[in-house]
Structures are given as structure tokens and as C-alpha cells.
Q: 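Sharing a structure below in C-alpha cells format, with a few things to ask.
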Amino acid sequence: MKASLAGLCISATLVAWSALARQDGATSRKAAKPSVYGEIEKAPEKARAKRNPFEQDADAVPAGKNLFEQHCAECHGVAALGGKKGPSLWVAEIQSASPGAIFWILTNGVVRRGMPVWSKLPEPQRWQLVTYIKSLGVVPSETADYTPKKP
Amino acid sequence: MPIGPSPFLRGLALSLFALFVPMSARSQENPYFVTYDHYLEEPGNLEIEYFSTFGTQHGGNDFHSFWTEFEYGATAWWTTEFSLDGQTTFNDSTLFTGFRWENRFRPLKHEHFINPVLYVEYAKLNGADRVMKEIEGHDVAFDNGEPNSLLRQETKHELEFKLILSSTYKGWNFAENTIAAKNLSNAPWEFGYALGANRPLSLKASPKRCSLCPQNFVAGVEMYGGLGDRHSFGLKDTSHYLAPVAAWNLPSGWTLRVSPGFGLNDNSHGFLLRWGLSYEISGFGEMVGHLFGRGR
């Protein structure tokens, strides 16, 4: 009986915590509305300076595209134009960022905003993804006011 | 007043939808059965997993234990998981042995050389449970030698905590789990450990979509065992296992895992053969939200 009560208390605490965490997230999103791309500016100088070893590799774009479709399209959309959870990658903020900064975002995620860390993909695969993302170019963004939805 | 489908019908519709609509996410799953690394489920995704263990038993009947897990990414820093356990003892019986509810939390925002994850689990299991998702305290193979009719009479409510430390270096993942468990009846704290290392067969992705490409295969090894309890801490009088592990991540969203395990001392089961199959459904949280009217 005692054990069941303890179990119930823990469940209730976790559910309440989850609700609070989601509310906090929503509040901080409102407060930090300016740009969902702001995180990329937080990449440290050392990370930005990293060179993409796959820059000249002809296979890196198709390989990166496959990886994108497998791991990223779910949030960013199949064409990377933005989805319900992730922003468009066809924007100047991404395309003018250094490959190292994009690699840093992939490695670290934006955990508090819902983007998971992708360091589970080996380093060469993350660079192949960067090569693909940088190959997209810029289109006039309709997703500039994009606000991520809760998962 | 509008009349909508009942929650039961909605739940049924959702289950059928989840089963037959191929909305898979093809994430890179690790090959471990016991060890946890620091990677959580992607937010909004549901992974359905079935695992099975065949084990030999000294002085008793061999067994086949199995469990089904439902793992959901609540946020990018919190994964919650519910699992149901059962077992068949040959020449004895088949029975449901209990359930577990576990939660993993990632406290740090960024990746570091060592990444901690906190794990909390509540489990209600009977004494016949043999899934061996972890070894704690003085768990020994002899404990499982009794008939199921006797073992099932013992029920335990257990809280379990793990400190998961995990690093990724040059394609290798190294993970270390320290386990502390407390049976909520009057029993001492028990401890255990799990260590693991794994690496994909290729670090570079192929430009072609393929099922048999080396980057889809991950291989490694894990070692796990007990560390005694609060009164007698240590590696003695408990069991330890060493198990090569392998996983095949199919582009369709399925992951197949296999692991032959070997007992390292006389207190351990001589041989454990584990295998598992899992499937990840992307956007599950959103589907549930739509079915229950959120976002309309």
C-alpha cells in the first residue's frame, strides 16, 4: 500500500513537473521571440573556425541529403523549408553561417528549444550533413516569423 | 452538445494508425541491452521495442524472458518509458511478471566530453521476473532456480536510480552506468554497474540509400553486474556478465539487436542470448494531440 502511494506521488510530481516545464518553455519562447536562428550565433570561435573536411567531396551532398531525410526532415521538412517543429534552413542566417557553426549546432542541439543533440551521428556524417545544408542556398523566407511548436 | 468518439475508440484508432502508417523516424540506435548512453528519444517520437532473453539455469529449467517497451520523447531533455515484463520457464509456466516506468533526464544543455543523464525508475515486479535489465545487489542465478509458482508469490515495489555517464569520441560511444536500487519494503540499498562501448562499422554515410551499408551496423560490447548492498558492497557474491552487442538500423525505421552474453563467475547464468526488435514512430505526440483536439 505504502509502495503504491509512493509510486503515485512520484507520478504526480513528474506530471506536474512536465506541465511546468512546458509552460516555462512557452514563456521563454515568447520572451526570446526575436530569432530561432539566434542559437547559431552562440557557437564559440574555435567551433566556427573548423573547416569542413567534406567541402570538396562530390559524394557528400547526396550522402548528406540521405542523412537529412532520415534524421532531420521530420522536423525541418523534406525540402528543409521548415516544418512544424523546426525552421527553414534556406535562410541567410544558416547559409551565411560558417560550416563550423552549423556543425556545432548539430553536435550540441538546442535542447531547451526541442532540437536534440546529434553527436550520436559520427563526425564525418555530421560534416556530410553540413555540406548538404550549405548546398541549399537562400530563398526569400516565409518562415521568418516561425515559432516552434511544442513537440 | 457535439458527440465525438469515445476515448477508447480514439485510442484504438491511434493504435491502428501507429501500427499501419509508415511514419518512421530512422534514428541511429545503439546496440546495448543493459547499458544506457546519453542519447534520449527525439521529442514527440514513440519507440516500440520488444526484447527477448534466452537463459540457461544451473540446477533448474532454462528460461525465456521477454519485455515490451514504449519509449516516448517528452522533450529533448526528458524521455519517459513504460515496459511490461514476462517470462516462460521451460517445463514450468509462462507468466506476466510486472511493469516498470522509467524516466531519463538530461541536465546539461550542451555536449561535453562526459555527458551525464539522470535515471529514475519505479517498478512493480514479482520474484519470477527474469528480464535482467540490470543486475543489482547480490542477484545470482540460483535465485531463479525455484518454480514459478513459488517465485511469483514475492512482490516487490522498487525505486531505482542511475547515473548515466557517456562520451562519444572518434565514432566510439563509451557509457558507464552506476545503479542504486531500493526495494520499498524494508530492504537495504542495492548497487550495480553497466559499462558499454560501441561504434558503427563505417563513420561515413554512403551517397546511396541502402539497408546493408556498413554505417547501418553498430557493434560493441557491454559488461554488467552487481555491486552488493549497503551492508556488503563489492564485486563478490553477485553475478557479472560480458556480452558482445550488435545492432542493424534499417532505413525503414526498424532496428534489430542481438547479443550473446556469458556469465563471468559461478553465480551467473552460463549463457544468455538476447535479441530485440524496435520501431520508431515519428510525430506520435502530434498525432495524439490531433486525435484529442489539440491544435484545431
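Residue numbers start from 1 in every chain, and the chains themselves are labelled A, B, ... in the order their sequence lines are given, proteins ahead of strands.
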Q: So which of B/Lys109, B/His38, B/Glu158, B/Lys170 has the biggest tally of heavy-atom pairs under 4.5 Å with chain A?
A: B/Lys109
Q: Which value, rounded to the nearest 0.5 Å, describes the distance between A/Asn108 atom CG and B/His112 atom NE2?
A: 7.5 Å
Q: Atom CD of A/Gln70 and atom CG of B/Asn216: how far apart are they, to the nearest 0.5 Å?
A: 7.0 Å
Q: Quick check: are there more than 12 heavy atoms from other residues, nucleotides or ligands sitting under 6.0 Å from CZ of B/Arg152?
A: no
Q: So which part of A/Trp127 gets closer than 4.5 Å to some heavy atom of chain B, the side chain, the backbone, both or neither?
A: neither
Q: Measure across A/Gln125 and B/Leu203 and return the closest heavy-atom pair with its distance rounded to 0.1 Å.
A: CG-O, 3.0 Å
Q: Shortest non-hydrogen contact from A/Pro116 to B/Pro43?
A: CG-CD, 3.9 Å
Q: Please report the C-alpha distance between A/Glu74 and B/Asn45 in whole Å, then the side-chain angles of each, then the deciding distance to 0.1 Å, and finally whether the side-chain contact (heavy atoms from CB on, under 4.5 Å) criterion is met.
A: CA-CA 10 Å; A/Glu74 179 197 337; B/Asn45 287 8; 2.6 Å; yes
Q: Should B/Glu42 and A/His71 be marked as a side-chain contact (heavy atoms from CB on, under 4.5 Å) after you check the CA-CA gap, both sets of side-chain angles, and the distance that decides it?
A: CA-CA 10 Å; B/Glu42 283 86 43; A/His71 305 295; over 6 Å; no
Q: Quick one: closest heavy-atom pair of A/Arg112 and B/Arg106, and the distance?
A: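 Closest pair (atom of A/Arg112, atom of B/Arg106, distance): NH1-O, 4.1 Å.
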Q: What part of B/Thr168 lies closer than 4.5 angstrom to a heavy atom of chain A: side chain, backbone, both or neither?
A: side chain
Q: Do B/Glu286 and A/Lys85 come within less than 4.5 Å of each other through their side chains, counting heavy atoms only?
A: yes
Q: A/Pro122 and B/Pro200: which non-hydrogen atoms are nearest, and at how many Å?
A: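 That would be CG-CG, 3.7 Å.
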Q: Check whether more than 12 heavy atoms from other residues, nucleotides or ligands sit under 6.0 Å from atom NZ of A/Lys65, and answer yes or no.
A: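 It does not: A/Lys65 NZ has 12 such atoms or fewer within range.
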Q: Indicate whether the side chain of B/Glu111 and that of A/Ser119 have a donor and an acceptor atom separated by less than 3.5 Å.
A: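 Present: a donor and an acceptor within the cut-off.
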Q: Taking all heavy atoms of A/Leu67 and all of B/Ala205, pick out the closest pair and write down the distance.
A: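 Looking at all heavy atoms of both residues, the closest pair is CD1-CB, 3.7 Å.
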Q: Roughly how far, to the nearest 0.5 Å, is the NZ atom of A/Lys120 from the OG atom of B/Ser166?
A: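 Interatomic distance, B/Ser166 OG to A/Lys120 NZ, rounded to 0.5 Å: 11.0 Å.
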Q: Go through A/Pro62, A/Gly109, A/Ala60 and name the one with the most non-hydrogen pairs under 4.5 angstrom from chain B.
A: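 Among the listed options, the one with the most contacts to chain B is A/Pro62.
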Q: Look at B/Lys208 together with A/Asp59 and state whether they make a salt bridge at an N to O cut-off of under 4.0 Å.
A: no
